[in-house]
Structures are given as C-alpha cells and as structure tokens.
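Every chain is numbered from 1 and lettered A, B, ... according to where its sequence line falls, protein lines coming before strand lines. Any value given below was found using the heavy atoms of this structure, including those in side chains, with hydrogens, waters and symmetry copies removed.
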Amino acid sequence: MGRYLLKRLGYLVLTLFIVASLTFFLMKGLPGTPFNNPKLPAEQIALLKTQYGLDQPVWRQYLQYLGGLMRGDFGTSYQFVGQPVSYLIASRLGPSLQIGLQAMIVGTSLGILLGAIAAIRQNTWVDAVATIFAIIGRSIPNFVFAALLQFLLAYQMHLFPVALWDDGWASSILPTLALAMAPLANTARFMRTEMVDVLNTDYIELARAKGDSQWQAVARHALRNSLIPIVTIIGPMTVDLMTGSLVVENVFAIPGIGEQFVKSITTNDYPVIMGLTLMYSFALTVVILIVDILYGLIDPRIRLTGEVA
Amino acid sequence: MTATKLGPDAFKPVRVAATEKEKIAAPTLTFTQDALRRLRQNKAALLSLWVLLVIVVLAVVTQWWSPADPNAQNLAYAYLPPKWGQWHIPGFDGRLNGVDLYAQNRVPKAVYFLLGTDEYGRDLLSRIFVGTRVSLQIGFIATFFDLVIGVSYGLLSGWLGGRVDLLMQRVIEIISSVPSLVVVILMLLVFRPGMLSIILAIAVTGWITMARLVRAQTLQLKRLEYVLAAQTLGEPGLAIAWRHLLPNLSSTVIIQTMFTIPTAIFFEAFLSYIGIGIPAPAASLGTLLANGQQSLQTQPYLLIFPGIVIVVLMLAFNLLGDGLRDAFDPRTDR
C-alpha cells in the first residue's frame, strides 16, 4: 500500500510537471506578445516586459516559472495588472466548488435512487420511464439545459433568481440543477446495470429464500454491493463537472473559475490560463488517485499493488 | 375425455434419412447477421437510424438547395418570428406576444421564414442547416481519428506488449489526466479558433478511450488459439494483428465509434457556445445557441429551435449507440 501510494504520487508529480512544461512552451511559442497595443511607446513595452520577466531568455523564464510553482506562485495576470494568478484563482474558487459539490451530491444521490428503482422494477413502465429520463439527461447538452431552466423557472415562473451570485443560497439552485443533470443520468444508468447484476446473484436469492422481502433484500444486501462500482465513475464525473461549470457559470453569470477561464481565453491572459490548466489537471489527478485508493478500501477483494491498472 | 385412437401404424419405426437428422432447423447466422437481427428488434435504435439518415440527407442537400442564404443580412427583416405561409398555427403565425411582427414591419405577404430570423434578419432555418452540417462533419472527422489513431495505437500497444506497451500506456495516462477540455483550449490558443483547430484538438484527445478499449481487447484476444495457429503457420506478427485481431475487434470499435460521434458534436457546440469554436459569421449549433441565449427573454425561438436540433441529434446518436452495443455485445445490458 505504502509503495503503491508513493508510486502513484510520483506519477502525479510527473504528470503535473509535463503539463506545466507543455503549457509553458505552448504559450511561449504563440505568435505576438500580450502587449501589442500600438499606442504604447516602445520604452513602455520594454518596461512591461522587464516587469513580467519577458526580456529574459526562455530557459531562465522556464526555470523561474517552475521555481514559482514550487512556492505556489503562478505568476501575474496580464489582464488584471499586478494581480497574482494564485490570488485570482483563490478568490473565485468558492462559488465553483460550492456548485460543483452540490451538483455532485444531488446528481449521485438522485441517480442512485433512480437507477435502483429502475433495476428493482426491471422491465416495467417504471424502468422504461427511468431509462428514457436517463437517456434524455445524457443527450441534452448542459448549456441547453441551463438555458432552459433559466427561461422556464426564472424568467417565466420567477421561482429562482435569473442569474448572478448575490442572492445567497437561492442563486446556487438553478446552476446546481443544470450541472447535476449529466452526473444524474450517468449514475442512474450505471446503477441500474450494477443493481440488475447484483439482483441476479446467488446471495440475493439466498436472502429471498430465508424470507427477506424484495425490499429487505435490496436494502440489506443489494444496495451496498451495487454501490461499490459507482465510486469509479466519480473520476469521469469530475471532468463532466469541470467542463459543465464553464458554460453553466457563464449562463448564470457566476463569479467562479469556469467563468474566469473563459474570460482569460478570450483576452489571451496566458498566466491565468496556465494556472487554471494546472489547477484543473491537479484536481483531476488527485480525484482519480483518491478514487483508486477508496475503491481498494471499500472492496477488500481489490488489492492495491505496485501495478498501476 | 376422448382417448386418442392409436392404430398399428403408430408403432412402426420412423425412417429418417441420415442427412435429414443432421439438418439444423434454424438458418446459420454469422455474427454480423445476428447482431443486425438484434438491432432490427430495437425500435428506438431503428427510429434513431432513420432520423439520422433524414438529418444527414437534409444537411447535405441544403448545401445546394438552402431555403435562403444563411449569411445574407437584411436588417428590415430582423427578429421576425416563425411563420408558415398564411396558416394560423399558434407559434408559427408570425406573431410574438400577440403582435403580428410581419405586418408591423411591412414584410411582403409572400415573404415568410419558417423558423424566424435573427438580429441581422438571417433565416434561422438555413443557419440551422449549416450548423447541423458542421456538427455532422465534426462527428465524422472525430470518427476518422478514432479509427485511425485510436485503433492502431491500442492494437500496437496491446499486440507488442512489454516495454512498448508500458511506454504507450504512460503516454495515454498523462494525456488523459489532463481534462480533454483543457487540451482543446490550449490547441485553440495555438491554432486560432476555427474548424481546423477543433479538428486538431479532437485528433489529440478524442481517441484515448478507443485506444484503451482496443488494447484491453487485444490483450485478451492475443492469447487465443487462432493467434497461435497463425504464428505456427509463420504469419508475421503485424499481419496477424491486422488480419485476425482487427476483425474480432470490430464490435468494440463500432460501439465506441457511436459514442465518439455525439461526444465530438457536443464538444464543438460547447466550444462554439463559449465563443472559442467556430468564429462569428459562420453558423454552428453552438454559436446559434449562444446567440439565442442572449435574446432568450424576447425571442425564445432563437434558442429553442437550435436546441431541439442538437438534442435530437445527440439523442439519436446515443440511442443508436445503445442499440448497437446491445446488438453486438448482448452480454452487457445497458
């Protein structure tokens, strides 16, 4: 276990190093400079370049960048002059995390419920409705769904705030729902398959034979066992949520990192893009590592070895 | 109760010809025939197939016969709601909130737009056709990369094994630990937004799942007897992979392809929606949706129709994909 963890952490650092280097050299290779305003006098541009360290040779900039990363320094934003990238990210992390976590909780719990009911009532109309719901949930792009929610529930029925992040918890409801749709549909689909498999096992038959009702057998034996593989979809789900947050935060004008990412892309704010890229990769690799470890802990049949599966 | 009368004839031995005895009653079906039979029983998948065919034909044909020029601007006809000739279908009679905007803007009687117009007076229907064509193109290009890069990468990695496999898998691991969205965005920064950079981005990230699946399957297949037989007969390694493994991988490949297409379509729409995909004057379902989003309160039809099209497109590909998986791989349900 200890060796396995060490090896995985090694890969994590290697991955992040490669991502950091790749983004750095990609950004360096881009044509033009961030300070291409023709009105700026030459000495002003030279001053800006010195300020941002852009007058140094590339290899020194690279080493400085890597050294900065070690100390948690992601550089300085071009768009918001003088603002450190780390501060920019930190100040916007809150809303994104809140919505993301809420969506994950809502999505998985409703998804598990829907999938389990569909499996228990297999091949009935309940199953059919749940399946159709899950397929539609998978097929509606999250930005269409977000816009739909905004139009129906906010503009037409005035149930929730239309946008912005100034109405306390109420502002987070619609974005959460919009973001939760994809995890919900995926979890439901996965849960149904697992539950159907588990319900066909011998131990469920044994539970039924010793006198458990269908629901008792499900509650005591089937549910826990079919929940184990659900852990594995947390990784892809995190990706979905990251991608989703970009549009959902834009539709609802939420000051989160997704919105910042899109803004930085459109304004060519390279340091912020690099910082966010690293942060997204870091979050994803950590989540995948945690999921793998959790999986081994929950299901003792799976032993963690030095082998990376 | 009536007793059955048995005559002496009933006790004679029945003579059946030897060939008749060995005859198999059901027709023998190949794997593909069997899969197609199962697919035909799946009504949702069949319907999706027909819907997709119609969409593809419409999208291709409208390249030459479009209802209107998708990029022609006419400010006199801006923001006209949907109108279907002189028929009075609610929602399609040229009225918005009870006001006949065609009469208000003095639009000639013969001029009407089936799905309305946008802020520059461009015909929404024609633009939706263009957008659908873009989506389908992206989908098919993604399939191409999935097949070329994904399949050969997975096949090589699984077949060669050993150190090559280890190295190739580390590369995949690193690529996949970066959210593909981030890779796409980096590509878009390097090669300016447009069709080309979306395609390149898909080429970099889109084939990972396919490569993984093909590799896993190859690892299983290469231990089988027919591979050993081919080796014994002296067939070179890569020829075995190509001639014997690939056909056996086909179901995995077909199924995965059907999930690559909607993912790619979603990605293009997503990128265009947040404004870093297909650039402004050109239409794509993503840009149409982003546009509709801005005037959602006043002209909801600008969002609703492109929204319906993309949902139908995704739904049809997903249902067909599910159907194909059930047909080609009946053991895994859903």
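The neighbour count for Phe133(A) CZ, taken as heavy atoms of other residues, nucleotides or ligands under 6.0 Å away, does not exceed 12. Annotation: Phe282(A), atom CZ; neighbour count of heavy atoms from other residues, nucleotides and ligands within 6.0 Å does not exceed 12.
When side chains are defined from C-beta on, Pro141(A) counts as touching Val311(B), because their heavy atoms get closer than 4.5 Å. Between Arg138(A) and Asp322(B), the closest side-chain pair of non-hydrogen atoms falls below 4.5 Å. Using a 4.5 Å heavy-atom threshold, the side chains of Val144(A) and Tyr273(B) count as separate.
Both the backbone and the side chain of Phe270(B) come within less than 4.5 Å of a heavy atom in chain A. The parts of Ile274(B) that come within reach of chain A are both its backbone and its side chain, each placing non-hydrogen atoms under 4.5 angstrom from that chain. Contacts of Leu319(B) with chain A are made by side-chain atoms alone, with heavy-atom separations under 4.5 Å and no backbone atom involved. For Leu315(B), the parts sitting under 4.5 Å from any heavy atom of chain A are the backbone and the side chain alike. At a 4.5 Å heavy-atom cutoff, the contact between Phe261(A) and chain B is made by side-chain atoms alone. With a threshold of 4.5 angstrom between heavy atoms, Ala290(B) does not approach chain A through any atom at all.
In this structure, the ring pair (Phe, Tyr, Trp, His ring centres under 6.0 Å) partners of Tyr65(A), at least two apart in sequence or on a different chain, are Phe24(A). Judged as a side-chain hydrogen bond (donor to acceptor under 3.5 Å, both in side chains), and not counting sequence neighbours, the contacts of Thr252(B) are Gln217(B).
Residue with the most contacts toward chain B among Leu278(A), Ile288(A), Val19(A), Asn142(A): Asn142(A) (heavy-atom pairs, distance under 4.5 Å). With chain B as the partner, the residue from Ile140(A), Val247(A), Ile136(A) showing the most heavy-atom pairs under 4.5 Å is Val247(A).
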